[in-house]
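In what follows, a structure is listed as structure tokens, so that the remarks can point back to it.
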Amino acid sequence: MAMPVELFRRTDALLRGEAEAVESGRASSMAALALMIAGFGMWYGGVMGTFGGLAGDRPWQLLYSAVKVPILIMLTFAMSVPSFYVVNTLLGLRNDFPRVLRALLTTQAGLTVILASLSPLTAFWYASGPPYQVAILFNGAMFAVASLGAQAILRREYGPLIRKDGTHRWMLVVWVVLYIFVGIQMGWVLRPFVGSPIRPVQFFREDSWSNAYEFVLRLTWDVVMGRGS
Amino acid sequence: MSVSEGGWKGERRGLLGWFGELDRLLTGEYTGVSLLRERGLGISPWRLSACIVILGMSYGICMGLFSVFGEKGPGAMQVVASMVKVPLVFYLTLIVTLPSLYVFNALVGSRISFVGVVRLLVASLGVNVTVLASLGPIVAFFSVCTTSYPFMKLLNVAVFAVAGAFGLRFLFQTLHRMNLAAGPWPTAEAGDEAGPLQPVPDRSVASHVRLVFRLWMIVFGLVGAQMGWILRPFIGDPSLPFAWFRHRESNFFLAVLQALQNLFS
């Protein structure tokens, strides 16, 4: 009983702001933040993977998607941090980096909390029987909404840092660009998240080794030329 | 056995120490104005070069990975070639541009010695290659999961450009600080606490000196880009067999335009 209550408290503190959480002694450690990312990420991933139903081997899709959402977030984070660290160091912000790292992790955790809060909407949408493409778009929209919410958290966490040194304002932009650039491709490589009901359940698609940006360019070109299906 | 172990351990400690030196360079510990006035740029070009070569090679691996996953392409030899060539690009560019920097530096009345210029250039290579290597994981990730050759070319050009911009910014700032430190003017040592890239008040350095350095930085960038072109392939065209070098043709800038065109068509 204590665990869920504690989790709820910590999540609440995270949403209301880290500064307030520190004051009230409910700030989460880095490990707790990572656990939150894993937990809430898995929750949304699981809901995402129910599109094809739960008959036959379909529960596997649920499991795969549940595992892949935290992997998506953590791997994107891990790949973007080294260069961000070097750039911070070069701009004389090394001493602030522990706080920066904390702000970034808090943002990721916030992202997964927002996603989890949107999961009933996704389930509801699935229940109203949309086509596969629309389900993908809907999930895309949910991720977009969660990213916007996470942006607000990121800006709030960065507030004290920016007041201390204006360079952090630029660093924030650098981080968002870097993270989105890697994240889009990571999401592409790790697909399927939703799982087409007419295709077999798979952890990866056979054709997953391709480039999202290249694909989108081609797709846009097709739409512009009126060749979209 | 124990001797060899001891030797290995000693070497490792040494290497870690060298990377520690690179780290201090990145945090700006070597480039405070008052420190520069006292001791000059106190880095060892040789030790720093060892780090640069290692980091450059690690980026070369990330870059060359693209060819390993192609079916017909150059394969694993490209990784070896890129590993060798990335550090080579930087050092050849350094050799080509060092004399002109030194001459112009002396010409515009700067007091930095030849050794000082060498140290400065190696230090900015250090910054350049560190940024490059830190972007290595992202490049490796895209190398592994991308089939589009033009995309990889443009991504690598962008990464080199970003790293180069940091390197040149460091070069410019440090040159400026070294001139401040070597000058007879008593400066309020504003650059002591700042990061290595942050500007320092510069009332004492004439604007024509800065103009010369800016022009020289453009030359450095152009030579670096074209050096990369001469030493190509780095990524390895998936439709061509492995080769250490390609024929002399075209130039870097035309090739980038061509890659952009290919990506969009």
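Chain A is the first sequence line, chain B the second, and so forth, proteins listed ahead of strands; every chain is numbered from 1.
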Item checked: Portion of F181(A) that has a non-hydrogen atom of chain B nearer than 4.5 angstrom -> both
Next item on the list: Go through the steps to decide whether L135(B) and V86(A) satisfy the test side chain to side chain contact (heavy atoms under 4.5 Å, CB included), and finish with yes or no.
Entry: CA-CA 9 Å; L135(B) 287 162; V86(A) 169; over 6 Å; no
Note to self: So for L178(A), is it side chain, backbone, both, or neither that comes closer than 4.5 Å to the heavy atoms of chain B?
What the structure shows: side chain
Item checked: Residue among V162(B), L132(B), D23(B) with most heavy-atom pairs under 4.5 Å to chain A -> D23(B)
Next item on the list: Find the distance between CD1 (I138(B)) and OG1 (T76(A)) and round it off to the nearest 0.5 Å.
Entry: 9.5 Å
Next item on the list: Output the option from P150(B), S148(B), P137(B) having the highest count of non-hydrogen pairs under 4.5 Å with chain A.
Entry: S148(B)
Margin query: Taking every non-hydrogen pair under 4.5 Å, which of T167(A), L93(A), L91(A) racks up the most with chain B?
Written below: L91(A)
Next item on the list: With a 4.5 angstrom heavy-atom cut-off, could you sort out which part of L155(B) is near chain A: side chain, backbone, both or neither?
Entry: side chain
Notebook entry, point to check: Would F141(B) and V189(A) satisfy side chain to side chain contact (heavy atoms under 4.5 Å, CB included), going step by step from the backbone distance to the final call?
Noted result: CA-CA 10 Å; F141(B) 168 57; V189(A) 169; 4.1 Å; yes
Next item on the list: Just do the side chain to side chain contact (heavy atoms under 4.5 Å, CB included) check on T147(B) and E214(A) with the steps written out, would you?
Entry: CA-CA 9 Å; T147(B) 47; E214(A) 192 194 348; 4.0 Å; yes
Notebook entry, point to check: Under 4.5 Å between any side-chain heavy atoms of S83(A) and V131(B), yes or no?
Noted result: no
